[in-house]
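Throughout, protein chains are lettered first and strands after them, A, B, ... in sequence-line order, and every chain is numbered starting at 1.
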2 protein chains.
Amino acid sequence: MERNCKTCPFNSKAATTLCDASFDQLSENHLVLKFKKGDTVIKQGMYSTNVVFLRTGLAKIHLTGPYHEQIVKLIKAPTYLGLPTTFGDKINQYSVTAVSDVEVCFIDVQVFQTILNENREFSHEIILELCRNELESFRRCANRTQKLIRGNMADVLLEFSEKIFLSDSFTMPLSQSDLANLVDTSRESVSRVMTEFDKDGIIKVNGKQIQILNKKSLKLISQNG
Amino acid sequence: MERNCKTCPFNSKAATTLCDASFDQLSENHLVLKFKKGDTVIKQGMYSTNVVFLRTGLAKIHLTGPYHEQIVKLIKAPTYLGLPTTFGDKINQYSVTAVSDVEVCFIDVQVFQTILNENREFSHEIILELCRNELESFRRCANRTQKLIRGNMADVLLEFSEKIFLSDSFTMPLSQSDLANLVDTSRESVSRVMTEFDKDGIIKVNGKQIQILNKKSLKLISQNG
DNA sequence: ATTATTTTGTGATTTGCATCACATTGCATA
DNA sequence: TATGCAATGTGATGCAAATCACAAAATAAT
């Protein structure tokens, strides 16, 4: 457990700003914690007075839906989490679970707010990030509800490849059940679509190892049925 | 066309703060415009350097989905619109269309930003609002994708009654096609569900006039299938 | 008033996908 | 190495809701 925030490999501008501007406050008031794959970082329904900064690793945001768990998205460090909670009623509105081993900073709200008030650039960036999230939510929701399973699965594969792993081949970080909750289908359908894509030569599946062979096709499937 | 912002019936705290704190700047820099029912207030894809404040009336936020228009939600004055656009790349990411006659203030981004920078309380409130929106999006999306049509329709009726019109009877502001895009179904299904609800004595439909007779049932339908 | 044109109601048919029901594989822990 | 549990593959069946196809109202336009 280290406490020196200067050493954080922050490549988020907001995070850097935060650290540079307020190192003293932060180093006094934050914790760097390590979580193992599968651990709960934020638990829906619990009281919390911390902003969470995901420093390294992957995590999933999920919440209890009307009938089953809903995975909102897979996120990659560095990002802030739990802002809405912190600024709201301090009750976590969603859970965050580590998908790989992760390092996390818990920053006390009070401190965070102070910094926000003192640092114009930082608060502007936070607003920007929140705006981006809102738009992303709209789009995501429109896609999920309108597209067929194949389209949504194609989207997820493309997103993982292009946004998360920055490579055509990667190790699938989620189980098929998780994927099902992410694209809102059944586990069985996820399985079927994956084997379909494999048989059609669009991807190569080898256990958890995924390789995208034909990105063009995936994009077509994403657009059409 | 009036320009005196002091006269706005702002009951949003953020809006009041904005007006009180920065009346001079604002009255120099904003316009109050009237739109008629059906008019486009914000057009997706267009360049814009204004934050839009919906002063009076109802409007719908909608965007082009992969296959058809998606209505995100019905909104009621007073609210800010287009924040994400304004802070982002200045290209509107969604459309806003007047559902009743509305009054709108266009506030120049520059001015808005200045005020945001000068007014701590105001910027804090904006952050709060953005956070709320994000959470609301998560919930909404989880509901839409998991619930059956009857459940979603029940939700919409309850929301209109409780959040928008604050009454058990109201005039449905959206067409069935709009409702279909809102809950992501077909127009025909909306029609069928409405007549079902009517036949079951849960609501009374009389053209566009809706009366909720049995709120308990609606809530049950919203929760179960 | 009389046409258009958009909205709505309702049946018949089709279909994507959930669900059920197991077999199988992989992985962990004794 | 065996044993147990979780994650997967795959068929058969059922169902919610999309789609198609009109008729009937209701609004708008002439």
Side-chain angles (χ1 to χ4, degrees), chain A residues 36-38 60 65-71 97 99 143-154 156 171-200 203-210 221-222 224-225, chain B residues 36-39 60 65-71 97 99-100 143-157 171-200 203-210 221-222 224-225:
Chain A
K36 272 176 299 176
K37 178 177 172 173
K60 61 179 178 186
Y67 299 117
H68 54 80
E69 199 79 359
Q70 167 109 174
I71 297 187
T97 301
V99 162
N143 281 326
R144 290 287 136 78
T145 52
Q146 286 182 29
K147 285 186 185 173
L148 305 182
I149 297 186
R150 284 168 62 89
N152 279 321
M153 282 299 297
V156 166
T171 307
M172 172 56 68
L174 299 179
S175 69
Q176 291 192 350
S177 310
D178 275 356
L179 284 171
N181 290 335
L182 182 60
V183 301
D184 208 80
T185 11
S186 63
R187 201 220 83 231
E188 292 91 326
S189 292
V190 171
S191 176
R192 276 185 254 268
V193 171
M194 291 294 277
T195 43
E196 262 176 54
F197 284 176
D198 185 299
K199 287 209 177 93
D200 296 351
I203 63 174
K204 200 168 137 291
V205 183
N206 218 312
K208 306 250 84 182
Q209 198 58 33
I210 307 276
I221 292 168
S222 159
N224 312 316
Chain B
K36 273 176 298 176
K37 177 176 174 174
D39 285 352
K60 61 178 180 188
Y67 298 119
H68 53 81
E69 199 78 0
Q70 167 110 173
I71 297 188
T97 302
V99 161
S100 68
N143 281 325
R144 289 289 137 77
T145 52
Q146 286 182 30
K147 285 186 185 173
L148 305 182
I149 297 187
R150 285 168 60 88
N152 279 322
M153 281 299 296
D155 279 347
V156 166
L157 290 171
T171 307
M172 173 55 69
L174 299 178
S175 70
Q176 291 192 351
S177 310
D178 274 356
L179 284 170
N181 290 335
L182 181 60
V183 302
D184 208 80
T185 11
S186 62
R187 200 221 85 230
E188 294 92 324
S189 292
V190 170
S191 176
R192 276 186 254 268
V193 170
M194 291 294 276
T195 44
E196 262 176 53
F197 283 175
D198 185 298
K199 286 209 179 93
D200 296 350
I203 63 175
K204 198 168 139 290
V205 184
N206 217 311
K208 306 249 83 181
Q209 197 57 34
I210 307 276
I221 292 167
S222 158
N224 312 315

Tell me what [X] touches on the nucleic acid: a base, only sugar-phosphate, or nothing, going by heavy atoms under 4.0 Å.
X         : result
Lys208(A) : sugar-phosphate
Ser191(B) : base
Ser186(B) : base

Can you check whether [Y]'s main-chain N or O pairs, donor with acceptor, with [X]'s side chain at less than 3.5 Å?
X         : Y         : value
Ser191(A) : Arg187(A) : no
Arg144(B) : Leu182(B) : yes
Gln146(B) : Tyr67(A)  : yes

For atom [atom1] of [X] and atom [atom2] of [N], their distance in whole Å:
X         : N       : atom1 : atom2 : value
Lys37(B)  : dT7(C)  : NZ    : P     : 10 Å
Tyr67(A)  : dT19(C) : OH    : P     : 11 Å
Gln146(B) : dT19(C) : CD    : C1'   : 16 Å
Asp198(B) : dG9(C)  : CG    : C1'   : 12 Å
Glu188(A) : dG16(C) : CD    : P     : 18 Å
Arg192(A) : dC17(C) : CZ    : C1'   : 9 Å

Checklist entry - How would you give the extent of chain A contacts on DNA chain D, as first and last nucleotide 5' to 3' within a 4.0 Å heavy-atom cut-off? => result dT8(D) to dA12(D)

Item to check | Rounded distance [0.5 Å steps], CG in Asp184(A) versus OG in Ser189(A) | outcome: 11.0 Å

Next on the checklist: Would you compute the distance between atom CG of Asp198(B) and atom CG of Asn206(B) and round it to the nearest 0.5 angstrom?
Outcome noted: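 Asp198(B) CG to Asn206(B) CG: 8.5 Å, rounded to 0.5 Å.
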
Next on the checklist: Quick check: any donor-acceptor pair below 3.5 Å linking the side-chain of Arg187(B) to the base of dT6(C)?
Outcome noted: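 By the distance-only test, no, there is no pair.
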
Nearest heavy-atom neighbours spanning [X] and [Y]:
X         : Y         : result
Leu174(B) : Met172(B) : O-CG, 3.1 Å
Gln209(B) : Thr171(B) : OE1-OG1, 3.0 Å
Met194(A) : Val205(A) : O-CG2, 4.2 Å
His68(A)  : Asn181(A) : ND1-OD1, 3.5 Å

Item to check | Strand contacts (DNA chain C) in residues 176-184 of chain A, 4.0 angstrom heavy-atom criterion | outcome: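 The stretch gives Asp184(A) as the residues lying under 4.0 Å from the strand, ordered by number.
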
